[in-house]
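Remember, predicted model here, so these are calculated numbers, not experimental data.
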Amino acid sequence: MIDILDRVRNKALQAKIVTAEEAAAFFKPDMNVAMSGFTASAYPKAVPLALAERMKKEPFAINLWTGASTGPELDDALASVHGIKQRLPYQTDKALRNEINDGSVDYLDLHLSESAQLSRCGYLGHVDVAVVEACAITEEGNIIPTTSLGNAASYVQSADVVIVEVNTSQPLDLEGMHDVYIPMDPPNRLPIPIVKANDRVGTTYIPCTPEKIKYIVPCDIPDHTRPLKPIDEDSKKMSEFTLEFLNKEIEAGRMPKNLLPLQSGVGNVANAVIAGFVDSDLKDLTVYTEVIQDGMLDLIDAGKLNFASGTAFSPSPEGMARFYKDVAKYKKYLLLRPEEISNSPEVVHRLGVIAMNTAIEVDIYGNVNSTHITGTKMMNGIGGSGDFARNAYLTIFYTPSIAKEGKISAVVPFCSHIDHTEHDVDIIITEQGIADLRGKAPRERALEIINNCAHPDYRPILLDYFNRATEATKHAHTPHILEEALSFHERFVKTGSMAK
């Protein structure tokens, strides 16, 4: 208890320290509950675990809003007891995904940059309670975040009451690593004054008054970050293609020698692509992204990274241990912001970000599906990929050309669901090669994608479809045979394979 008292620096607030079970008793059915967390970083753990135990005995459900996905102590714990009625704006949990796809949970898949504003303006209803992880509370009652910011600052501002989960496993050295800036809403919004990735424009804490804090709950459960798979040959090839392409852009005079600020999505492929920069000749790199993973630490150690701005620090367990071992060193290079700032279309466009994200599938004209399996089953959500893809200086999407031992082609005649239209996509990279779609009309894009990105086993089928569609439509702007456009998906549903 000494540790928790040291971290709650406002003496009057120490009287509000309660158990997780006492805090869990506060929740009521159908409440709009906003929680901190972005990826498996800085999400509440003790309170949702206690709430799930209560829901086992007294079944009810809440509407759960976060910054993005969270860890098992939150999404999995509540989904496993059917405690979630509505969920937004992004998730990655298997139990929750199953409930979304069987109709038990209403899922609002939102652009992450827009979710805080939607909650503040009341489109989603009112925030009844915000539950936020902190490493400390200041003398004034302000909240010192931990390993992510996400939507936490906006939720604290909007909520009727706040429950702060003070996590003693999080080092106090995290203080000062945040830049909390909440924009005013229209018609009073001003330009966000960020012109460089390392600009600080806000406070190092989440503003809060002591009166708004209802409970403070001690917690010692660490972030449940996910291990990264070893870099496979396909990911290595995609990384090599990326570096080859970017070096040509430098040679062509379209980028400076240290590139433009990099944005990289979440996951093994994205981390592998960033890791490839470590052994390159590139240096003085900057990053303006959502999630900071292991590859960023590698770049710091290699002396290649000047600065990385994001909204969450979400490395592997090994990466987290490495970070905690030398927080003072790494935090000089890292800054965490609210996600409506890290993903702000205004800032992304101003900085000229290079956006690098992954796709489930792409079609021959350059449309991208990031979210749905066979057009119906939600995987995770759009996340921040749309925020960056539409507004970046250069937009790259990655996918292995095949999946499930060749039974699925990631290049299809027409995407079964479209999150990013052909108008937002510049480059597609698979382990087969690069399709540069810039300056190309739809029929030119089709040949570029089929010949460079499709797997050899599917290339003849795709070329056959494209040629027949072109003939059938008399060389239409975007040739399709409507009854065959989703034939790859129909075959997969019927036979378990997209191949003929």
Specify the closest pair of heavy atoms between Ile481 and Ala472, including all atoms of both residues, with the distance to one decimal. CG1-CB, 4.5 Å
Counting only N and O atoms by type, is there a donor-acceptor contact under 3.5 Å from the side chain of Tyr458 to the main-chain atoms of Gly406? yes
Of Thr70, Leu96, Leu64, Val105, which is the lone residue that meets side-chain contact (heavy atoms from CB on, under 4.5 Å) with Leu78? Leu64
Indicate yes or no: does Arg390 engage Glu114 in a salt bridge with an N to O separation below 4.0 Å. no
Under a 3.5 Å cutoff, is there a donor and acceptor pairing between the side chains of Asp223 and Thr225? no
Using a distance-only test with no angle check, is there a side-chain donor-acceptor pair under 3.5 angstrom linking Ser113 and Asp387? yes
Carefully, step by step, assess Leu351 and Thr286 under the rule side chain to side chain contact (heavy atoms under 4.5 Å, CB included). CA-CA 11 Å; Leu351 298 184; Thr286 59; over 6 Å; no
Hey, could you give me the CD1/CZ distance between Ile408 and Phe492, rounded to the nearest 0.5 Å? 4.0 Å
List the steps, then state whether side chain to side chain contact (heavy atoms under 4.5 Å, CB included) holds for Arg468 with Glu484. CA-CA 11 Å; Arg468 288 187 298 107; Glu484 292 186 37; 2.7 Å; yes
Inspect the surroundings of NZ in Lys440 and state if more than 12 heavy atoms from other residues, nucleotides or ligands are less than 6.0 Å away. yes
Those residues at least two apart in sequence (or on a different chain) that pass side chain to side chain donor-acceptor pair (under 3.5 Å) with Ser314 are Thr39
For atom NZ of Lys94, is the number of surrounding heavy atoms from other residues, nucleotides or ligands below 6.0 Å larger than 12? no
Any Lys/Arg nitrogen of Asp426 or Arg438 sitting under 4.0 Å from an Asp/Glu carboxylate oxygen of the other? no
Checking Asp363, Ile360, Leu486, Val368 against Cys415 for side-chain contact (heavy atoms from CB on, under 4.5 Å), the one that qualifies is Asp363
Kindly give the heavy-atom pair with the smallest separation between Pro261 and Gly352, and that separation in Å. CD-O, 4.2 Å
Residues Asp75 and Arg97 bridged, charged N to O under 4.0 Å: no
Please answer whether the main-chain N or O of Gly310 pairs with a side-chain N or O of Glu290 as donor and acceptor at a distance below 3.5 Å. no
Under 3.5 Å donor-acceptor, Tyr43 side chain and Ser69 backbone: no
When you measure from the side chain of Asp179 to the backbone of Val201, do you find a donor-acceptor pair of N or O atoms at a distance under 3.5 Å? yes
Is Gln432 reaching over with its side chain to a backbone N or O of Pro400, donor-acceptor style, under 3.5 angstrom? no
On a heavy-atom basis, which atom in Ile364 and which in Pro413 lie closest, and how many Å separate them? CG1-O, 3.5 Å
Are any non-hydrogen side-chain atoms of Val425 and Leu437 less than 4.5 angstrom apart? yes
Do His224 and Lys45 make a side-chain contact, defined as non-hydrogen atoms from C-beta onward lying under 4.5 Å apart? no
Could you walk me through whether Leu394 and Leu260 pass side chain to side chain contact (heavy atoms under 4.5 Å, CB included), step by step? CA-CA 9 Å; Leu394 185 73; Leu260 291 162; over 6 Å; no
One should read off an interatomic distance between Asn32 CG and Trp65 CH2, to the nearest 0.5 angstrom, of 4.0 Å
Atom CD of Glu405 with >12 non-hydrogen neighbours under 6.0 angstrom: no
Using a 6.0 Å cut-off, check whether atom CZ of Phe245 has over 12 heavy atoms from anything other than its own residue. yes
Determine whether the side chains of Asn151 and Ser115 contain a donor N or O and an acceptor N or O closer than 3.5 Å. yes
Considering non-hydrogen atoms only, spot the tightest contact between Ala116 and Glu340 and give its length. CB-OE2, 3.6 Å
Can you tell me if Asp109 uses its side chain to pair, donor with acceptor, with the backbone of Ile382 under 3.5 Å? yes
Between Arg350 and Ile194, which heavy-atom pair has the shortest distance, and what is it? NH1-O, 2.8 Å
Closest heavy-atom contact between Thr289 and Ile292? CG2-CG1, 4.4 Å
Would you tell me whether Ser235 and Asp232 have side-chain atoms, one donor and one acceptor, within less than 3.5 Å of each other? yes
Apply the test side chain to side chain donor-acceptor pair (under 3.5 Å) to residues Thr92 and Arg226: give CA-CA distance (whole Å), side-chain angles for both, the deciding distance (0.1 Å), then the verdict. CA-CA 11 Å; Thr92 58; Arg226 299 174 178 88; 3.1 Å; yes
Between Asn101 (side chain) and Met378 (backbone), is there a donor-acceptor pair under 3.5 Å? yes
Spatial distance of atom CD1 (Ile84) from atom CE (Met55) [nearest 0.5 Å]: 8.0 Å
Supply the atom-to-atom distance Asp93 CG to Ser80 OG, rounded to the nearest 0.5 angstrom. 7.0 Å
Take Glu361 and Thr399 through the test side chain to side chain donor-acceptor pair (under 3.5 Å) and record every step on the way to the result. CA-CA 7 Å; Glu361 64 183 3; Thr399 178; over 6 Å; no
About how many Å separate OG of Ser385 and CD of Gln263, when rounded to the nearest 0.5 Å? 8.0 Å
Under 3.5 Å: donor-acceptor pair, side chain of Arg491, backbone of Lys494: no
Keeping the roles fixed (side chain from Lys257, backbone from Asp284), state whether a donor-acceptor pair exists under 3.5 Å. no
If the threshold is 4.0 Å, N to carboxylate O, is there a salt bridge linking Glu346 and Arg189? no
Using a cut-off of 6.0 Å, state whether more than 12 heavy atoms not belonging to Lys331 lie near its atom NZ. yes
One should read off an interatomic distance between Leu336 CG and Leu174 CG, to the nearest 0.5 angstrom, of 8.5 Å
Could you tell me if Gln170 and Tyr324 have a donor-acceptor pair between their side chains, going purely by distance under 3.5 Å? yes
Under the 3.5 angstrom rule, does the side chain of Arg443 hit a backbone N or O of His475 as a donor-acceptor pair? yes
So do Met356 and Ile274 actually touch side chain to side chain, heavy atoms under 4.5 Å? yes
Test: ring pair (Phe, Tyr, Trp, His ring centres under 6.0 Å). Region: residues 403-432. Which pairs qualify, not counting sequence neighbours? His372-His417, Phe397-His420, Phe414-His480
Got more than 12 heavy atoms from elsewhere within 6.0 Å of CD, Glu444? yes
Under 4.0 Å between a side-chain nitrogen and a carboxylate oxygen: does that hold for Asp298 and Arg322? yes
I'd like to check the side chain to side chain donor-acceptor pair (under 3.5 Å) partners of Lys237; sequence neighbours left out, ordered by chain and number. none
Derivation of the side chain to side chain contact (heavy atoms under 4.5 Å, CB included) call for Lys304 and Val278: CA-CA 7 Å; Lys304 304 260 179 156; Val278 174; 5.7 Å; no
Assess whether atom CG of Asp281 is packed by more than 12 heavy atoms of other residues, nucleotides or ligands within 6.0 Å. no
Pick out which of Ile396, Ile428, Asn452, Ile427 makes a side-chain contact (heavy atoms from CB on, under 4.5 Å) with Ile434. Ile427
